[in-house]
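Remember, predicted model here, so these are calculated numbers, not experimental data.
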Amino acid sequence: MEKQKKNLGSVAFLPLIVFLVCYVGCGITFTLMGADDPFGKFPRHVALLAGCAVALLLNRSMDVKDKLNIMTTNMGNSGVMMIVLIYLMASGFQGAAAMGGKDSVVNLCLHVIPVTFLIPGVFLMCCFISTSIGTSMGTIAAMAPIAINVAQGAHLNVAIVGAAVIGGSYFGDNLSMISDTTISAAEGCGSEMKDKFKMNFFIALPAAIVAMILYSVVGGTGSGAIKAGSYNIIEVLPYLIVLG
């Protein structure tokens, strides 16, 4: 252990400097650019994660696992603080994936899904987005206005479309690897994330299949024209990456 101890001197301030540059620096830059909510453009927790990452890169003679243990122990309870760090990383990804990506996913699906299968398609879209970003309520808030406008334009049952949004969002959140409830449950009982995913999948999949069939039968076929906007495949990639 004596070999691993090292006095880094002024270099030890580097994680703090990285945090300040990322958060304060970006905030000042966006302020000068006249952006709305300039200090919200680069979230604090993402800047904090960048500083923590730099701290873990220092003193390469020590294993990263040991560094993490020291950091979480000094923060408080090691197990609880590890969950907090996982939450930070999950929310950081959610923020990155949500930057315009939802609109691109919706528009891409609207180009592919015919009107006759629009309600099951809405269910699948919400499953996809919620699984990728790990939040059912965030998916509902983002998708409900879009889905209802599309349903009205296609003369579909708005109530059933709303049910498809809620059901798909809950189904996807139930399977998501970066959902806060999934992380808490797995860490709390000491199970592997993949085991919880498998169990949730086999419990929720039959219900999802039945829901898809019912949406196809009772949801109607629609008669109006759907105006699908443009999409950027690069904005869809974060969702595909996390699923992969």
Q: Give the cluster check for L48 versus Y23: same hydrophobic cluster or not, with ILVMFWY residues linked at side-chain heavy-atom distances below 4.5 Å.
A: yes
Q: Could you tell me the separation between the CD1 atom of I166 and the CE atom of M137, rounded to the nearest 0.5 Å?
A: 8.0 Å
Q: Pairs of donor and acceptor atoms involving the side chains of residues 25-36, under 3.5 Å and at least two apart or interchain, shall be tabulated with distances.
A:
residue, atom, partner, partner atom, Å
T29, OG1, G25, O, 2.8
T31, OG1, G27, O, 2.7

Q: Is the side chain of K67 donor-acceptor paired with the backbone N or O of A55 at a distance under 3.5 Å, no angle test?
A: no
Q: Report whether Y215 and V158 are members of the same hydrophobic cluster (ILVMFWY, side-chain heavy atoms less than 4.5 Å apart, transitive linking).
A: no
Q: Roughly how far apart are F171 CZ and T139 OG1, rounded to 0.5 Å?
A: 13.5 Å
Q: Could you grab the distance from atom CZ of R44 to atom CG of L49, nearest 0.5 Å is fine?
A: 13.5 Å
Q: CD1/I160 to CG/L214 distance, rounded to the nearest 0.5 angstrom?
A: 9.5 Å
Q: To check you understand the geometry: which heavy-atom pair defines the closest contact between V161 and V122, and what is its length?
A: O-CG1, 4.3 Å
Q: For residues V210 and L205: do they belong to one hydrophobic cluster (side chain heavy atoms under 4.5 Å, members Ile, Leu, Val, Met, Phe, Trp, Tyr)?
A: no
Q: Minimum heavy-atom separation for A147 to V165, with atom names?
A: CB-CG2, 3.6 Å
Q: Checking Y170 now: which residues fulfil side-chain hydrogen bond (donor to acceptor under 3.5 Å, both in side chains) with it, not counting sequence neighbours?
A: none
Q: Under a single-linkage rule joining Ile, Leu, Val, Met, Phe, Trp and Tyr whose side-chain heavy atoms are separated by less than 4.5 Å, which residues share a cluster with L57?
A: none
Q: Examine I209 and I203 and state if one hydrophobic cluster contains both, with Ile, Leu, Val, Met, Phe, Trp and Tyr joined whenever side-chain heavy atoms are less than 4.5 Å apart.
A: no
Q: Under 3.5 Å, is there a donor-acceptor pair between the side chain of S169 and the main chain of S130?
A: no
Q: Closest heavy-atom contact between M212 and P120?
A: SD-O, 3.7 Å
Q: Considering non-hydrogen atoms only, spot the tightest contact between F123 and G167 and give its length.
A: CE1-C, 3.6 Å
